[in-house]
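Taking it in order: structure first as structure tokens, then the write-up.
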Amino acid sequence: MTVPPITATAPAKLILCGEHAVVYGCPAIALPLADLRATATVTPQVAGHGCRIIAPDIGAAWLLTARPNDALTIVVQVTLHAAGVPASPPPDIAITVTSEIPQAAGMGSGAAVATAVVRAVAAWCGWHPDAASIAALVYQSEQQLHGTPSGIDNTVVAYEQPIWFERRDSTPLVEPLTLAVPLRFLVGDTGGRSATYRPVGAVRSGWQRDPATYAARFAAVADIVRAARAALLVGDVVRLGGLLNDNQRVLHALGVSSPELDRLTLAAVQAGAHGAKLSGGGWGGVMLALVSDDAQAMQVAAALRAAGAPHVWDTTTGTAATGAI
Ligand code: MEV
């Protein structure tokens, strides 16, 4: 009998507010980007083939045994282990991964690819883990990529819904959030790329040098995130926009913005966005701008492009509508 291939997908993400401070135990809010996705397909192979990961986007293919420390190798192995399938000898499967999500842009590309792999490999094993179990497996590959991840990226990608997240010693606090109104964002790409561990490391160095100043900044972010949750729950987008601007000011003080991010956030606010901030690790990658209606969205998108954004996405949470425009 021929076993058919098994395909699974996972979304990109945006951090609405609270990035960086979340690494130090402060709350943060994250959103899935439903229709920018990573895909993994498990295809059974002939006996003796071994377990191979194929990543055509980056022109790479490898046997698990050849790259034991690769983040995707690790995620396959921990998934097989959790599903009760021996990793040695490895199963005879090819796992093909592709992604529409720009890498190192603050959109959770690594977490999305790993989540798609966990879902596909688990399904191939006949196992259908819940979101918390998937997030815990992907966290192990995030640790390989980022060193000290808070766990927010793998969690929002696995839950695929807006979440309130707090890092804890053992199990994080995760609360799915129901938005009072759909939120519409223009997501502007600076075109710059920076692996998350770099700005995270810079914040850690700053915090070690001057713990009092950094603790005050993290506390300011925590206040902003709590106020943002209250605004979300009543659908007050004007208040939320102001809080995003406040968050951007603290992120700038933390040293994780960049001239391009500053330019795009300023352009968005000057064009009429309710608020704008970088999203994710910073030092490049993407920013988000909160808007309400089509006229505002068109003006902000045009301003972002004029300020140098090579890509602008128009996305609404609560509906599956993300389009490159
Ligand atoms: C990255 O999406 C969010 C950061 O706070 C890092 C982390 O939480 O692990 C910058």
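Quick caveat, the model's predicted, so the values are computed rather than measured. Both counts, for ligands and for their atoms, begin at 1 and track the order of listing.
Using 4.0 Å as the threshold, Gly106 has no heavy atom nearer than that to any atom of ligand 1.
Atoms of ligand 1 lying under 4.0 Å from at least one heavy atom of Ile152, given by number and element, are 8 (O). Less than 4.0 angstrom separates some heavy atom of Pro149 from each of these atoms of ligand 1: 9 (O). In summary, the atoms of ligand 1 found under 4.0 Å from a heavy atom of Lys13, numbered by their order in the structure, are 2 (O). Within the listing of ligand 1, atoms 10 (C) sit less than 4.0 angstrom from a heavy atom of Gly281. Remark: ligand 1 atoms within the under-4.0 Å shell around heavy atoms of Val22 are 5 (O), 8 (O). Atoms of ligand 1 lying under 4.0 Å from at least one heavy atom of Asp153, given by number and element, are 1 (C), 2 (O).
Looking at residues two or more places apart in sequence or on another chain, you find a side chain to side chain contact (heavy atoms under 4.5 Å, CB included) between Asp130 and Ala132, Ser133. Listed by chain and residue number, nothing satisfies the ring pair (Phe, Tyr, Trp, His ring centres under 6.0 Å) test with Tyr159 (two or more places apart in sequence, or in another chain).
For ligand 1, the polar-atom distance check against Thr148 finds no nitrogen or oxygen pair separated by under 3.5 Å. Note: no N/O pair closer than 3.5 Å links Glu19 and ligand 1 by distance alone.
Heavy-atom neighbours of Tyr197 OH from other residues, nucleotides or ligands within 6.0 Å: at or below the threshold of 12.
If you look at Glu142 next to ligand 1, there are no close heavy atoms at all, none under 4.0 Å.
Looking only at atom types and distance, the side chain of Thr73 has no donor-acceptor partner in the side chain of Arg67 under 3.5 Å away.
Closest to atom 4 (C) of ligand 1 among all protein heavy atoms lies His20 N, 3.9 Å. For atom 7 (C) of ligand 1, the closest non-hydrogen atom of the protein is Ser150 OG, 3.4 Å.
A cation-pi contact, defined as under 6.0 Å to the ring centre and within 45° of the axis, links Arg229 to Trp164.
Taking the charged nitrogens against the carboxylate oxygens, Asp92 and Arg52 have no contact shorter than 4.0 Å, which rules out a salt bridge.
Thr190 places no side-chain N or O within donor-acceptor distance of the main-chain N or O of Val286, the cut-off being under 3.5 Å.
For the side-chain hydrogen bond (donor to acceptor under 3.5 Å, both in side chains) test with Thr9, the passing option among Arg37, Glu100, Arg119 is Arg37; the others fail.
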